[in-house]
A.B. asks: 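Have a look at this one.
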There are 2 protein chains.
Amino acid sequence: MTVTLADVAARARVSPATVSRVLNGNYPVATSTRDRVLRAVDELDYVLNGPASSLAAATSDLVGILVNDIADPFFGIMAGAAQSQIGGPGDGSGRAGGEKLAVVCNTGGSPERELTYLTLLQRQRAAAVVLTGGALEDPSHQAAMAVKLAKLADAGTRIVFCGRPPLPDSDAVTASLAFDNRGGARRLTEHLLELGHRHIGYVAGPLERTTTRHRLEGHREAMKAAGLHGDEESLTVHGPYDRRSGYDATRELLAREGEVTAVVAANDTVALGACAAVRDHGLRIPEDVSVAGFDDLPFSVDAMPALTTVRLPLAEAGARAGRLAVGKEKAPAGGIATIDAELMARGSTAAPRG
Amino acid sequence: MTVTLADVAARARVSPATVSRVLNGNYPVATSTRDRVLRAVDELDYVLNGPASSLAAATSDLVGILVNDIADPFFGIMAGAAQSQIGGPGDGSGRAGGEKLAVVCNTGGSPERELTYLTLLQRQRAAAVVLTGGALEDPSHQAAMAVKLAKLADAGTRIVFCGRPPLPDSDAVTASLAFDNRGGARRLTEHLLELGHRHIGYVAGPLERTTTRHRLEGHREAMKAAGLHGDEESLTVHGPYDRRSGYDATRELLAREGEVTAVVAANDTVALGACAAVRDHGLRIPEDVSVAGFDDLPFSVDAMPALTTVRLPLAEAGARAGRLAVGKEKAPAGGIATIDAELMARGSTAAPRG
DNA sequence: CTGTTAGCGCCTTCAC
DNA sequence: GTGAAGGCGCTAACAG
């Protein structure tokens, strides 16, 4: 019923081994035979059996890209860029040559699902795995991840981190591309301080996430350097990386801390919620309250006024991660690269009144 | 080096077949033996060899979800919902039982890549494929798709459309969930007409896409029913589904058609660009010009003023598609279901001046 | 309920 | 440059 490599071999009047060789192209084959084989492939409309091939070769062409939230463009942009580098240009023939199958897996931020996906990918003998976004800092999960990644690496799976800090004491990870969240956050807060703000509220992300912690640390570094500290706790509210969190937290900050003149959000989406809360409180942006985000997602420039934020080169980082995953690019020295974050000062921040 | 099913069998003092049976759970096994096997699995830290399993069983646990643009929440929301239904709840053991591997593939809107991904999925003997979003209407591509899908279906792969109109004359597709783009667009334009608008610009999506055509048709139906027609062409501009397109097209409409009092955009992202253009033209929303979008993505409510749009139940549709893909839900009668679109009238539309 | 026996379709040494 | 043969690890009939 389904056509196999042997059928192609018969039609091309060669041995199965030869067909395999031209298909994989990793071996010298006479041009005439190659043409004959290729013709037979087309005529028979043959499609390689992936499982059989992977079984025999002990490796597959699957590359997994793990993301925390597929509905969030922050991850979508990175994943899309990575995928475009992995899939190959695609020759348009639809024949699908030696292409890798780049697929994205949505963990939803759940540590269990993260581990499960890794197991599933391990089961498929994936060629590579790209892990995007911040990591959970829970020690037991970190340990479980380290173990799992070590096993994957042992089995020959290449592992790349994108926008995630390197794993300490682990050589399982081929390369780690980490965003300079701390530095970006520091510069953002410095910008507000320079404008004259002294009472700055901070809507942080969920606890136990590296991204949350690094951004918060950068913020506090700047505050401390300006001699402002002591009320960090009361000016910080934690919540998920969504609009709702920004809205609720900001309402709370505005209610209990009358003097807040600026709100820094964990990311742009949270900042949008913060903006809505400021307005619903009857205040203007930036005249009464300044608001800032993080990431510089495409919609940030469309906020009214345009959002001051920190730009992360998501597409570039994702593309690089994709190239690293398929070995098109060599790992940075030490396997670790820090990616700069750039302050984008726009209309949503200004000097406080008075 | 790597532990196999035989190793587990030896340790549990049973035959390989028995191990296979408890792992797949599709066969009666005595509780005591099952426990013994499971223990051996844990002790040996055994991970099933997916390719071998797929080869023997002639089917894999891979489910592909194709999207046009992974950085667009429109697709991210559907894909995430689908994935959550397919992956199973995950028992948190990290053992990854009979779970399916739901993966999303980004075609970038390219027909070649769409076909290539389908081939790759066919090669993997995927259990199911979910195709999301509008289809390209190019006849040759449609024909190629029909052929490819028929082959996939023949090989036992279940095929589900989500947010895509059914394929004519094809029984390859298990189920088609189509959004009522035409009806939604009609109601949106009727809303503007009721407000008193007569000169309505339309920023359409790319040509040859079902989504673009259906929304445009709905719009024109409403215009025609109101006795307004003749200048459709000059009031319509086509472009990609992005912010830039909305911006450029709207500037153009505003420049050449001074009397336009409302702009309908192909989707919310395009609408955001339209809003920016209206403002840069020195006009206010909605006092001078009304703007409307489509899809009701999460950020739409945060636009200033909040965007009037048409809500599509993306998460619900995606979840349903996921369930259909794994056979958790039976296909609707005729294999086709139309999903309603709901008008969300908000602040960005109002009666025209005068 | 459990063991035995054949392959699934391909890759990969080996020979020629 | 090409063919022959063995085995990758698992599942699916069959027996028992």
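In what follows, chains are A, B, ... by sequence order, proteins preceding strands, each numbered from 1. Since the structure is predicted, the reported quantities are computational estimates derived from the model, not experimental observations.
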A.B. asks: With sequence neighbours excluded, tell me which residues meet side-chain hydrogen bond (donor to acceptor under 3.5 Å, both in side chains) with N49(B).
C.D. replies: none
A.B. asks: Applying a 4.0 Å non-hydrogen cut-off, can you work out what L5(A) is touching in the nucleic acid: base, sugar-phosphate, or nothing?
C.D. replies: sugar-phosphate
A.B. asks: Under 4.0 Å from OP1 or OP2 of dG9(D): is there any side-chain N or O of T4(B) that close?
C.D. replies: no
A.B. asks: Between P28(A) and A57(B), name the one whose nearest nucleotide on DNA chain D is closer to the 5' end.
C.D. replies: P28(A)
A.B. asks: By side-chain hydrogen bond (donor to acceptor under 3.5 Å, both in side chains), which residues pair with E316(A), not counting sequence neighbours?
C.D. replies: none
A.B. asks: Considering non-hydrogen atoms only, spot the tightest contact between L324(B) and R158(B) and give its length.
C.D. replies: O-CD, 3.3 Å
A.B. asks: Checking all strands, does T33(B) fall into the base, sugar-phosphate, or nothing category for heavy-atom contacts under 4.0 angstrom?
C.D. replies: sugar-phosphate
A.B. asks: Write out a two-atom table: protein N or O, nucleotide N or O from nucleotides 3-5 of chain D, distance below 3.5 Å.
C.D. replies:
unit_1	atom_1	unit_2	atom_2	d
dG3(D)	OP2	S15(A)	N	2.9
dG3(D)	OP2	S15(A)	OG	3.2
dG3(D)	OP2	T18(A)	OG1	2.8
dG3(D)	N7	R21(A)	NH2	2.7
dG3(D)	O6	R21(A)	NH1	3.4
dG3(D)	O6	R21(A)	NH2	3.3

A.B. asks: Could you tell me how far apart L23(B) (CG) and dG9(D) (P) are, to the nearest whole angstrom?
C.D. replies: 16 Å
A.B. asks: On DNA chain C, reading 5' to 3', which nucleotide is the first and which the last to sit with an atom under 4.0 Å from a heavy atom of chain B, could you check?
C.D. replies: dC1(C) to dG9(C)
A.B. asks: Closer than 4.0 angstrom, basic N to acidic O: yes or no for R164(A) and E114(A)?
C.D. replies: yes
A.B. asks: Could you give the CG-to-C1' distance, from N26(B) to dA13(D), as a whole number of Å?
C.D. replies: 15 Å
A.B. asks: Might you point out which heavy atoms bring V8(A) and V37(A) nearest each other, and give the distance in Å?
C.D. replies: CG1-O, 4.1 Å
A.B. asks: How do S53(A) and T31(B) order along DNA chain C: which one's closest nucleotide is nearer the 5' end?
C.D. replies: T31(B)
A.B. asks: Quick check: on DNA chain C, is the nucleotide nearest A56(B) upstream (toward 5') of the one nearest Y27(B), or the reverse? Name the residue that is more 5'.
C.D. replies: Y27(B)
A.B. asks: Check the phosphate of dC8(D) against N49(B), side-chain N and O only, distance under 4.0 Å to OP1 or OP2. Yes or no?
C.D. replies: no
A.B. asks: Take atom CG of L44(B) and atom C1' of dG9(D), then tell me their distance rounded to the nearest Å.
C.D. replies: 15 Å
A.B. asks: Taking I86(A) as the fixed residue, which of L101(A), V63(A), V103(A) is the one that meets the side chain to side chain contact (heavy atoms under 4.5 Å, CB included) rule?
C.D. replies: V63(A)
A.B. asks: In whole angstroms, how far is the P atom of dT11(D) from the CG atom of L55(B)?
C.D. replies: 11 Å
A.B. asks: If you measure only the distance, is there a donor-acceptor pair under 3.5 Å linking the side chains of Q122(B) and D154(B)?
C.D. replies: no
A.B. asks: Could you pull out all residues at least two apart from D35(B) that satisfy side-chain hydrogen bond (donor to acceptor under 3.5 Å, both in side chains)?
C.D. replies: none
A.B. asks: Test of understanding: with side-chain hydrogen bond (donor to acceptor under 3.5 Å, both in side chains), list the residues that count as partners of T18(B), not counting sequence neighbours.
C.D. replies: S15(B)
